[in-house]
Structures are given as structure tokens and as C-alpha cells.
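Have a look at the structure below, then the notes.
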Amino acid sequence: MKTMLNVALPKGRLGEKVYAMFEKAGFECPSIKENNRKLIFENEEVGVRYFWVKPSDVAIYVERGAADIGVAGKDILLEYRPNVYELLDLDIGKCRMAVAAKAGFRDDPQKTLKVATKFSNIAATYYNSQGRDIDIIHLNGSIEIAPILGLSDVIVDIVETGTTLKENNLEVIETIVPISARLIANKSGFKFKSEQIELLKNSLAQQVKDKAQ
Amino acid sequence: MSGFKMLKNDEKVVFGLRELYAGLGYSQYKMNKFEEYDLYVKNKDFLISENVITFTDTNGKLMALKPDVTLSIIKNSKDEVGCVSKVYYNENVYRVSDRTHAFRELMQVGLECIGDLDDYCLCEVISLAAKSLEYVSPDYILDISHLGIISYIIDALGVTGSDRDSIIHCIGEKNLHDLSAICEDLAVDSNMSELFKQVVSLYGTVDSILPALEQIAADYPDMTAASQFIKLCRAFDAFGVGDRLHIDFSVVNDIHYYNGLVFKGFINGVPDSVLSGGQYDKLMKKMGRRSGAIGFAVYLDTLERMTDNSDRYDVDTLLLYDGTADLDTVSRAVGELTASGKSVTAQRRIPEKLRCREVLILKDGEVTTLENNA
């Protein structure tokens with residue numbers, strides 16, 4: 001029997017795109033396309049087992065070795081800094097981590113800047129590098145309303161198209177870092193399944209290259 | 001049942017490793033639970049976790065529950081030309097866990113080789129690291145790198161400060177895409193940045209990687225670390241370290257303290273590295289010492305994750321007897337069972353949740369089988 005490669009996929013549209021790339025790389029698992037509520041799918045012949053997990057949990061599954069590899073957004077990797085290998089930029093799920101504020105906002109450097117965000121570590125690192133004194137307000141969702149209600153001066157959040165910001169009369173004032181989906185691997189799993197993982201990585205890298213041309 | 005069989009996984013490993021190290025003349029280093037806090041605060045970046053449990057001793061000195069053993073060993077070693085001090089330790093250390101963010105008491109076994117080191121000493125320590133892993137499980141991999149090669153390239157790139165730290169972080173993650181982006185942003189020499197990517201991409205058994213490394217050494221004759229690393233890699237065979245030794249330049253222990261050889265050990269099925277070590281001449285220098293040093297530690301707490309089927313049962317045999325049974329008869333029955341190598345618990349009724357291979361019953365002086373779960 002083949003050694004099974006355990007793959008954590010992020011639930012949702014991004015995960016479906018990722019699976020399509022993996023399938024093209026020869027790691028197909030037809031049962032994953034069945035319309036049911038199962039979360040684990042495997043193809044013993046190819047030696048792959050997929051499981052759908054919450055996108056923000058992919059890195060945890062990989063770091064703790066429940067999955068050998070997975071696909072996680074760079075935002076999650078920067079925020080939680082898991083001890084994993086980051087093998088490839090898949091060039092999908094592209095967006096940016098940005099600072100946004102009410103249209104016409106003017107930063108007063110004499111005051112502590114109130115920052116609402118889901119990404120406390122990213123915000124802290126960014127403003128630390130600028131030597132800016134900030135007060136982080138950690139929120140779990142609907143970040144956009146924080147400046148509108150006066151809870152914060154700015155927000156640090158993911159911006160894809162900017163539509164939500166615009167509809168809430170907010171605008172991007174600074175881009176912190178571009179974000180995309182990354183192929184990650186457990187450090188120990190990589191050693192013992194390096195042949196399979198390298199094969200998959202090389203095929204995915206070729207797909208990324210082909211798409212860029 | 002032998003005493004050794006009764007030991008837990010980590011306890012068995014401790015016994016085995018102590019025998020292994022003592023066999024090559026390493027003597028045991030025993031230390032106090034406490035050390036002056038000053039020792040750690042001066043070298044806190046060297047510690048895996050910066051948090052240390054402290055208390056004020058009766059004489060007013062600030063003391064710490066030891067978070068590390070290496071620093072104490074260095075402190076108590078001497079610089080003697082031509083001499084090498086070889087010690088091993090088996091100590092509990094107190095650190096904040098990355099995962100629980102709380103202090104934990106961890107059992108750690110390791111060794112240090114301090115003094116006028118030569119290639120023999122380096123190879124011996126690498127071979128002991130490999131044998132330590134093999135003792136834990138035959139399905140292991142020891143990754144080895146040479147920080148001299150990484151430092152050569154980073155120095156040639158002319159990168160300093162936070163950019164240098166970002167580059168080292170990328171190497172540790174095998175993150176070639178971000179490494180390329182940083183090199184592009186800094187507009188560094190493209191030949192050097194290509195060499196960097198090539199080196200970081202190298203991964204495999206010593207035999208499979210040596211040709212590429214030899215080519216690099218030939219192309220960059222002033223990269224003395226490459227030729228030294230090649231020489232050592234060729235010597236490992238003579239020490240019986242086979243194809244389980246892999247070259248992997250993503251092993252980058254703290255470059256401020258370590259230099260030369262650095263290595264990490266992995267066991268199949270354990271998600272984290274179980275062994276970590278390297279040459280730490282820079283730390284020695286920082287502590288005012290002239291000697292060289294190399295050592296490693298085996299993190300026994302990580303072995304909890306290994307599958308151990310021997311834990312399926314609490315005891316081999318449950319011997320049931322009734323309250324009227326003659327004491328001599330019960331004692332004799334228990335004695336016969338233990339003499340046959342089984343662990344036995346004698347009880348009057350079956351304890352809740354007890355997992356045993358077999359249940360025997362003692363009635364009218366006769367032992368009969370009631371249940372067999374094996």
C-alpha cells in the first residue's frame with residue numbers, strides 16, 4: 001500500500017481551486033466532488049487523503065502533523081507564525097493586508113492610534129517597525145464598522161476588491177503586505193514523504209509558471 | 001516482567017542514551033535545580049524560551065529554575081589546549097511551552113563536547129546524535145547543515161540588520177519565493193542570489209547532495225566552509241552514519257550563537273524535531289571562552305507522540321479471589337504469575353476501567369481463566 005499523503009484544504013472557493021491544481025498534478029480523489037457532508041476523502045491508489053478544514057486552521061493541522069501539507073493564506077502564516085515549511089506561492093487567493101480609514105482621515109502622530117483588527121500580530125509588527133504608538137482593538141468580524149462607530153481610528157484587514165470598504169465610506173491608506181495562498185508542509189512530514197511532496201510541489205510550480213505566461 | 005519492560009518510552013530512552021554516551025567516555029554532568037539568574041539573562045537569546053522562573057534566595061540573590069543545561073556546563077568548563085571535556089546530562093528543565101504558553105517541566109538528555117575540538121570530535125558527536133535517534137526509532141532522519149556556507153552567502157550579499165533576519169527566516173522555512181522577493185527588493189548581486197536559492201533548495205542524502213556541493217566549492221574556492229563540510233560529510237561513513245543523514249540547509253539554529261555544523265533530528269510520526277544541536281563557538285566566545293564546543297539535546301517530551309502499543313493494558317493479569325480465600329494460596333498464585341513474567345493485580349472484584357490482558361479467578365485453590373482479552 002502507498003504511503004498516504006495527508007492534505008488539509010481550506011473549505012470554500014479557494015479550497016476548490018487548490019484541489020483542481022492538486023488534481024491536475026496527479027493527486028486526484030474523485031470522491032471529493034460528491035455532494036455530501038463528508039470532510040475526509042481518500043484515494044489509496046494515488047496515496048492521498050484530503051480533509052476540509054476552516055481556512056484559519058490549516059496551519060495548525062500542518063504544524064501539529066495531522067496533515068503533512070496544506071494550503072494557507074499568507075495572512076494566517078504572518079499572524080500565527082506556525083513552525084512549518086512554506087514551499088510555494090500558489091499565486092491564487094490574491095489580496096492584500098491593508099490599513100483603511102474613513103475617507104479623508106488624517107493621522108495625528110501625537111495621539112495613540114486606535115487600530116481595530118482580526119490580525120493583531122501583523123498590525124503590531126507593522127506599527128512597531130514604524131515606531132508608532134498604537135492601541136490594538138482585537139475584533140473577530142465586521143471590522144469595517146469600527147471606524148464608523150468611533151471605536152477605532154483605522155482598521156487593519158484583508159482587502160480584495162475594496163468594494164466593502166467603499167460601501168462603508170472607507171478607503172485604503174496603506175498596503176502592509178500582498179497576500180496569496182501558500183503551500184505549507186510539516187517539517188517532520190516533509191522528511192519522510194519528501195518524494196511525494198517534491199513531486200507535487202514541482203507540478204504545482206509548473207502550473208503557476210504556465211498561468212503567469 | 002523485567003524492570004526495563006515496565007519503563008515508559010522516555011525512561012527507556014534515557015537509560016539507553018546514558019549507556020551510549022558513557023560507552024564513549026562521556027561523564028555525567030549533574031547540576032542543581034537552581035542557577036543564578038544572571039547567567040541566563042546575559043544569554044537569553046540562546047534560550048529556547050526567554051521566560052525563566054525566578055525567586056530570591058535567602059542571601060538576596062536572584063535565582064532561576066534552570067531553563068537550560070548548556071550554559072551551566074560552559075560556565076563550569078575550562079579552556080585547556082589539546083584537551084576536550086565530554087559530558088552528558090539527563091536533567092529536568094523549566095520552560096514556557098510554545099503551544100500552551102505556560103511553564104512546563106521537561107526531561108532533557110543531551111551531551112556537550114567542549115575544548116580543543118578537531119574533526120574527530122565533530123564526527124563523533126554527529127554519529128552519537130544519529131545513534132541517539134536510532135535508539136528512539138530506526139525510522140529517523142538527521143538533517144545537517146553548515147552555517148559557514150549560509151554566512152558566506154549572506155555576507156557576500158551585503159545584507160545586514162532586519163533584512164538579514166528576514167533572509168534567515170526564509171531559509172528556515174524553505175521559502176524560496178519570499179527569499180527571491182527580498183533579494184530583488186535589495187537589488188543584490190543576482191549570481192549570489194541564485195547561489196543562495198540553489199543552496200537552500202538542496203535536500204537529500206549526503207551521497208545525493210555531495211556532487212552539487214562539490215561543484216559549489218569548486219566555483220567558490222574562497223568558501224572554505226564548503227570544503228570543510230564536504231570533508232566531514234565524507235568522514236561520516238566511517239562512523240557508521242548511513243543514509244539516514246540528510247543535508248538540509250534550512251537547518252538554521254540561531255546564527256548569533258551557532259557556527260559550523262548544525263543539525264536537527266526527526267522521527268517518523270513525531271511532528272516536531274526531537275533532537276537539535278550544533279557547534280556554538282560564538283556563544284563560547286561571548287562567554288569569554290577560547291574553546292570550541294558542539295553538543296545536542298534530545299527533547300523527550302516530544303516522544304509522547306510516538307505510538308506505544310505496550311500501553312494498551314494497565315496490567316497483564318487480574319487475579320480475582322474472594323474474601324474467604326486463604327492468604328497463602330493467594331500469595332502463591334500471585335507469585336507463580338509474576339515468576340512467569342506477567343504483571344499481576346490481585347483484587348476481590350473487577351476494578352472499573354482496568355485494562356488487562358486476562359482475568360483469572362482463584363476458587364477452591366484452583367486458578368481458572370475467566371476472560372482473555374489479548
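Below, chains carry the letters A, B, ... as their sequence lines are ordered, and counting in each starts from 1.
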Test salt bridge (charged side-chain N to carboxylate O under 4.0 Å, His left out) applied to A:Lys201 - qualifying residues, sequence neighbours left out =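 For A:Lys201 the salt bridge (charged side-chain N to carboxylate O under 4.0 Å, His left out) partners, ignoring immediate neighbours, are A:Glu198.
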
Can you tell me how far [atom2] of [Y] sits from [atom1] of [X], rounded to the nearest 0.5 angstrom?
X	Y	atom1	atom2	answer
A:Tyr85	B:Glu173	OH	CD	10.5 Å
A:Leu87	B:His177	CG	NE2	8.0 Å
B:Ser180	A:Asp89	OG	CG	10.5 Å

Considering only heavy atoms, give the residues of residues 111-126 of chain A separated from chain B by less than 4.5 Å, sorted numerically, with 'none' for an empty result.
->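 Heavy-atom contacts from residues 111-126 of chain A to chain B are absent.
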
Chain B contacts: which residues in residues 179-196 of chain A have a non-hydrogen atom closer than 4.5 Å to it?
->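 Counting heavy atoms that sit under 4.5 Å from chain B, the residues of residues 179-196 of chain A involved are A:Arg182, A:Asn186, A:Lys187, A:Ser188, A:Phe190, A:Lys191, A:Phe192, A:Ser194.
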
Using non-hydrogen atoms and a 4.5 Å limit, figure out which bit of B:Asp178 sits close to chain A: side chain, backbone, both or neither.
->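 Contact with chain A involves the side chain of B:Asp178 alone.
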
Contact part of B:Ser250 toward chain A, heavy-atom cut-off under 4.5 Å: side chain, backbone, both or neither?
->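 For B:Ser250, side-chain heavy atoms alone lie under 4.5 Å from chain A.
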
Would the number of heavy atoms belonging to other residues, nucleotides or ligands and lying under 6.0 Å from [atom1] of [X] be above 12?
X	atom1	answer
A:Lys94	NZ	no
A:Lys24	NZ	no
A:Tyr61	OH	no

Within residues 200-208 of chain B, which positions have a heavy-atom distance to chain A below 4.5 Å?
->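 So far as heavy atoms go, B:Tyr203 are the residues that approach chain A to under 4.5 Å.
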
